[in-house]
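Notes to accompany the following structure.
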Amino acid sequence: MRPPITHAEEDFEFLDEGIADGVTAQSAPPVWRVMIVDDDADVHSATVFALANVEMLHRPLEFLHAYTAAQAREILAHEQNIAVILLDVVMERQDAGLQLVRHIREMLKMTEVRIILHTGQPGYAPELDAIRDFDINDYKTKSELTRIKLFTAVTSAIRSYEQICAINAGRRGLDLIVRASTELMALRGLQNFAAGVIVQVAGLLDIKPQGLFCAQERRSSKEADLVVIAAVGGYAAFANGPVSDIGEARAADSLARTMARRQHIYGPDFITLYLSGNANRGFVAFLDTGRPLSRTDRRLLEVFRSNIIVGLDNVALVSRLHNFAFYDDLSKLPNRTRLVNIIDEMLAAGVQQDTTLSLVDIDHFAEINDALGHQFGDLLLLAVADRLQSRLGDKLIVARVGGDMFSIVGDGSQVNPATIGALFDTPFNIDGQQVQISATVGLMRLGEHAGGGADALKDANIALKRAKMQQRAGHFYFTRSMGIESRERVRLMHALRAAFEEKKLSIAYQPQIDLATRKPVGAEALLRWKTDDGKIISPDAFIPIAEYSGLIISLGEWVLRAACQELVRLRTLGFNDFMMSVNVSQVQFRHPDFLDMLRLALDDTGAPPAFVELEITESVAMQEPAVLIKTLAQIKQTGISIAIDDFGTGFSSLSYLQQLHVDRLKIDRSFVREITGSSRGSSIAEMVIQLGRNLGLSVIAEGVENERQAGKLASLGCPLAQGNLFALPMTNEQLLDWLKVR
Ligand code: C2E
Ligand code: MG
Ligand code: MG
């Protein structure tokens with residue numbers, strides 16, 4: 001039969017209170033140990049006789065005997081839990097007793113034991129200082145020690161010993177609690193925390209960690225099961241199961257009762273604790289204590305309980321924060337930070353050569369979001385997340401690393417452009433609507449990667465950007481040279497910005513001539529960047545960077561204004577038929593303020609629009625026809641004319657070209673080179689010239705380097721030309737000198 005138990009939160013009553021309560025020395029028998037140190041054997045027998053068979057504070061006494069101070073030292077070296085020492089002052093030497101006291105307090109650091117000094121000779125009474133310094137409890141002459149007086153003295157010594165022990169135990173316990181709580185806080189996740197609680201409580205009570213930590217788990221609206229969250233020691237097998245699985249009725253019953261009554265139970269050899277904070281549901285912990293708990297134990301446990309409740313609240317908070325920090329709120333997929341960790345772990349563990357990291361960017365998501373609203377955008381992202389997760393989730397890692405960017409990581413046989421592309425083959429059902437989208441993919445092979453997870457993502461991102469830049473590419477694999485290129489680009493970008501701010505960029509003007517008369521008709525403004533060490537960086541190298549970084553907006557405006565100013569200056573010097581061509585990047589072209597910028601530049605400089613020409617490349621001319629047609633019409637309204645640069649390299653259709661209302665076609669220099677250098681000969685140049693004639697457009701050939709090219713172009717009927725044969729790009733002053741002698 002199980003011994004009866006009482007539960008209580010405040011008034012803990014034990015049936016066997018008398019034995020259990022008291023000092024916390026677990027291994028000690030429930031007695032008070034009294035040591036008699038006296039060279040007089042009679043004192044020993046008289047004391048034992050006087051105090052035998054009495055109980056003090058519910059415990060009998062047990063005696064230890066020493067007849068010399070030396071013998072006492074020996075005993076004290078290995079005996080513990082001595083409550084009182086009755087000590088003779090004069091033994092081997094006059095001060096043997098006092099020396100022993102010093103030894104006990106200072107050497108053995110026994111601060112709890114109470115010491116009652118006694119001496120036969122009143123003259124040998126110790127100084128008051130010594131009594132105070134050595135914490136001597138009492139001083140009696142032997143003649144004073146009647147049975148009653150001895151009883152009173154020892155009783156009061158034992159009482160104060162008990163109190164000192166309790167205070168010290170409490171202090172040690174608090175220390176332990178603070179340490180235990182700190183250690184617990186470091187544990188993440190309820191399971192770890194729960195196991196930690198059992199281990200720490202066991203540490204506090206100085207028992208073997210053996211127990212269960214349970215929570216109520218709701219199965220349905222009515223039924224709730226008590227489930228084991230953590231199990232330690234002999235209970236380990238019951239982890240994660242229902243409490244009913246535990247065969248032992250003692251544990252299962254008391255856990256259920258504790259949960260039901262929301263009160264601790266202190267059993268004869270176990271405890272169940274009820275733990276509940278503000279934010280958390282109730283938890284119960286069962287511990288095998290193997291003994292009943294003392295009042296001090298229970299007080300400590302109470303303090304500990306209030307500490308870990310804060311911890312339990314924190315566990316909930318920490319896991320919520322953890323989720324915030326590592327998971328995307330919308331899709332619940334791992335976020336970028338988490339993905340970096342995952343890749344770090346994968347790399348550390350070693351990956352297969354073809355393990356691939358991909359970044360999947362939804363095409364035109366921003367437009368969809370703008371057009372159909374953010375709610376629709378969110379639903380679409382969720383649908384994509386759902387498809388990726390449901391089709392790949394068990395084998396591959398799927399994460400959401402940015403707004404419309406997902407990542408899939410895993411074996412190259414599954415993470416490749418074909419399989420990823422196939423995920424977008426069928427439309428997504430959003431709110432009953434079928435939405436067909438595509439994605440651009442950047443990939444990198446983790447097996448070839450030297451850095452960490454964050455670098456791997458950067459590399460994949462470089463590949464993704466490359467894939468986006470190349471029209472119709474759809475995907476790109478990262479290569480090492482791309483990385484170098486990309487780092488070099490970043491360096492160049494900073495240098496370019498600085499050069500622009502420090503006004504170290506200049507404009508070169510390359511004349512354009514009438515092929516028949518070789519007279520100048522105008523010039524093209526070309527950006528020049530001469531670095532501090534005298535190196536000339538080609539605009540082909542830095543214009544894309546300026547475009548990429550957005551610097552092209554202010555840079556382009558500066559070129560336009562400078563070229564217009566130069567045009568005005570040349571006109572004041574008498575060159576009135578002179579035309580100024582300025583290159584315009586597609587990024588500038590699409591900027592919403594482009595037209596205003598253009599008008600303002602004309603107004604401010606006073607340049608006549610009829611003598612200003614903008615060169616746009618054919619690739620620009622191909623994009624978004626409706627927008628382009630409108631913008632070009634607006635530009636033309638200002639009076640400025642438009643040339644299509646590098647013509648023939650793109651794919652503009654004839655009908656489209658007609659709609660654009662451009663004024664001039666510039667034959668790309670690669671076709672001019674072909675005239676003399678390739679078997680295809682002049683066919684393309686010839687075609688462009690004819691096209692211009694048919695459409696009523698002006699045509700100019702660029703990159704003319706020799707007379708053979710010039711002659712051929714002239715014979716084909718090309719009216720205008722530009723190239724090193726006639727003049728290299730030059731400074732404005734050189735241009736003026738050049739013009740003067742034509
Ligand atoms: P582009 O507009 O096609 O400019 C013509 C390029 O051909 C210039 O190169 C010019 O120096 C070069 N060139 C002229 N004659 C010859 C020749 O006989 N042989 C050879 N091999 N090349 C010749 P550059 O100055 O290096 O400019 C390259 C490109 O940079 C330009 O091509 C243009 O697309 C862009 N660019 C230059 N300045 C600007 C600018 O201010 N804004 C923008 N957006 N782009 C610019
Ligand atoms: Mg040009
Ligand atoms: Mg060109």
Side-chain angles (χ1 to χ4, degrees), residues 496 499-500 505-513 515 520 522-530 535-567 579-591 594 597-598 601 612-621 641-650 662-677 685 688 699-710 713 720-732 734-735 738:
L496 177 62
F500 180 49
L505 297 182
S506 61
I507 297 172
Y509 298 90
Q510 184 172 40
Q512 300 175 333
I513 55 114
L515 249 184
E524 179 180 9
L526 294 164
L527 252 177
R528 288 291 172 265
W529 176 14
K530 196 169 165 182
K535 226 169 68 191
I536 305 274
I537 299 178
S538 160
D540 282 327
F542 72 78
I543 294 290
I545 291 166
E547 286 175 336
Y548 183 78
S549 63
L551 186 65
I552 193 71
I553 300 297
S554 39
L555 196 53
E557 180 177 0
W558 174 75
V559 173
L560 179 71
R561 284 173 169 267
C564 284
Q565 266 162 8
E566 191 54 30
L567 176 69
M579 188 89 179
M580 185 61 79
S581 292
V582 179
N583 293 286
V584 174
S585 140
Q586 53 161 317
V587 177
Q588 283 175 278
F589 207 74
R590 286 183 186 172
H591 196 271
F594 181 69
M597 186 279 288
L598 198 61
V612 177
E613 181 182 66
L614 299 185
E615 292 189 7
I616 60 169
T617 55
E618 194 176 10
S619 59
V620 181
S641 52
I642 290 157
I644 297 194
D645 207 348
D646 307 338
F647 192 76
T649 56
V662 297
D663 303 276
R664 184 179 281 182
L665 303 179
K666 271 190 109 170
I667 305 173
D668 191 66
R669 59 178 179 274
S670 58
F671 305 123
V672 173
R673 209 177 301 129
E674 269 184 6
I675 292 174
T676 51
V688 177
V699 174
I700 183 167
E702 69 178 345
V704 181
E705 291 179 338
N706 54 54
E707 284 297 348
R708 274 183 66 203
Q709 290 167 345
L713 284 164
L720 304 168
Q722 173 185 344
N724 294 351
L725 170 65
F726 316 107
L728 292 166
M730 54 187 90
T731 66
N732 60 344
Q734 286 166 338
L735 176 66
W738 185 85

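Only a predicted model underlies this, so the values are computations on that prediction, with no experimental measurement involved. One-based numbering, in listed order, for ligands and for the atoms of each.
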- Message: Please evaluate residues Glu524 and Ser581 with respect to the criterion side chain to side chain donor-acceptor pair (under 3.5 Å), reporting the C-alpha separation (whole Å), side-chain torsions for both, the decisive distance (0.1 Å), and the verdict.
- Response: CA-CA 4 Å; Glu524 179 180 9; Ser581 292; over 6 Å; no
For ligand 1, which atoms, with element, lie under 4.0 Å from some heavy atom of [X]?
{"X": "Gly723", "value": "15 (N), 18 (O)"}
{"X": "Ile543", "value": "43 (C), 45 (N), 46 (C)"}
{"X": "Gln510", "value": "10 (C), 13 (N), 14 (C), 15 (N)"}
{"X": "Leu526", "value": "4 (O), 8 (C), 10 (C), 11 (O), 25 (O), 37 (C), 38 (N)"}
{"X": "Glu702", "value": "3 (O), 5 (C)"}
{"X": "Val704", "value": "18 (O)"}

- Message: I'd like to know if Glu524 contacts ligand 1, where contact means a heavy-atom distance under 4.0 Å to any ligand atom.
- Response: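 Under 4.0 Å: yes for Glu524.
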- Within less than 4.0 angstrom of ligand 1, does Pro729 place any heavy atom?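 Yes, that is the case, since the closest heavy atom of the residue is under 4.0 Å from the ligand.
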- Message: Taking 2.8 Å as the cut-off, does Asn583 contribute an N, O or S atom near the Mg ion (ligand 2), distance below it?
- Response: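 It does; at least one qualifying atom falls short of 2.8 Å.
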- Do any of the N, O or S atoms of Glu702 sit under 2.8 Å from the Mg ion (ligand 2)?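 No - counting backbone and side chain alike, Glu702 has no N, O or S atom under 2.8 Å.
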- Query: Under 3.5 Å between some N or O of ligand 1 and some N or O of Arg673?
  - Reply: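 So ligand 1 has no N or O lying under 3.5 Å from an N or O of Arg673.
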- Message: Using a 3.5 Å cut-off on N or O atoms only, is Leu527 in polar contact with ligand 1?
- Response: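 N/O-N/O distance under 3.5 Å: yes.
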I need the contact type for [X] against ligand 1. Using non-hydrogen atoms and a strict under-4.0 Å cut-off, is it side chain, backbone, both or neither?
{"X": "Lys666", "answer": "neither"}
{"X": "Asp646", "answer": "side chain"}
{"X": "Asn583", "answer": "both"}
{"X": "Ser585", "answer": "both"}
{"X": "Gln722", "answer": "neither"}

- Leu720 and Leu515, any side-chain heavy atoms less than 4.5 Å apart: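 No, every pair of side-chain atoms sits at 4.5 Å or beyond.
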If every non-hydrogen atom of [X] is compared with every non-hydrogen atom of [Y], which pair is closest and at what distance?
{"X": "Glu702", "Y": "Asp646", "value": "OE2-OD1, 3.1 Å"}
{"X": "Ala541", "Y": "Ile537", "value": "CB-CG2, 4.2 Å"}
{"X": "Ile667", "Y": "Ala685", "value": "CD1-O, 4.0 Å"}
{"X": "Glu615", "Y": "Asp645", "value": "OE1-OD2, 2.8 Å"}
{"X": "Gly703", "Y": "Arg669", "value": "CA-CB, 3.7 Å"}
{"X": "Val587", "Y": "Ile553", "value": "O-CD1, 4.0 Å"}

- Task: Any side-chain hydrogen bond (donor to acceptor under 3.5 Å, both in side chains) involving residues 550-563? Give me the pairs, sequence neighbours left out, ordered by first then second residue.
- Result: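 Non-adjacent pairs meeting side-chain hydrogen bond (donor to acceptor under 3.5 Å, both in side chains): Glu557-Arg561, Arg561-Asp604.
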- Message: Restricting to N, O or S, what is the name of the atom of Asp645 that lies nearest the Mg ion (ligand 2)?
- Response: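 So the atom name we want here is OD2.
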- Residues two or more places apart in sequence or in another chain: which of them pass ring-ring contact (aromatic ring centres under 6.0 Å, His included) with Trp738?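 ring-ring contact (aromatic ring centres under 6.0 Å, His included) list for Trp738, sorted by chain: empty.
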- Message: Distance alone, cut at 3.5 Å: any donor-acceptor contact between the side chains of Asn724 and Glu705?
- Response: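 Note: Asn724 and Glu705 side chains miss the donor-acceptor criterion.
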- Vertex the Mg ion (ligand 2): angle to OE1 of Glu615 and OE2 of Glu524, to 10°?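 Roughly 90°, rounded to 10°.
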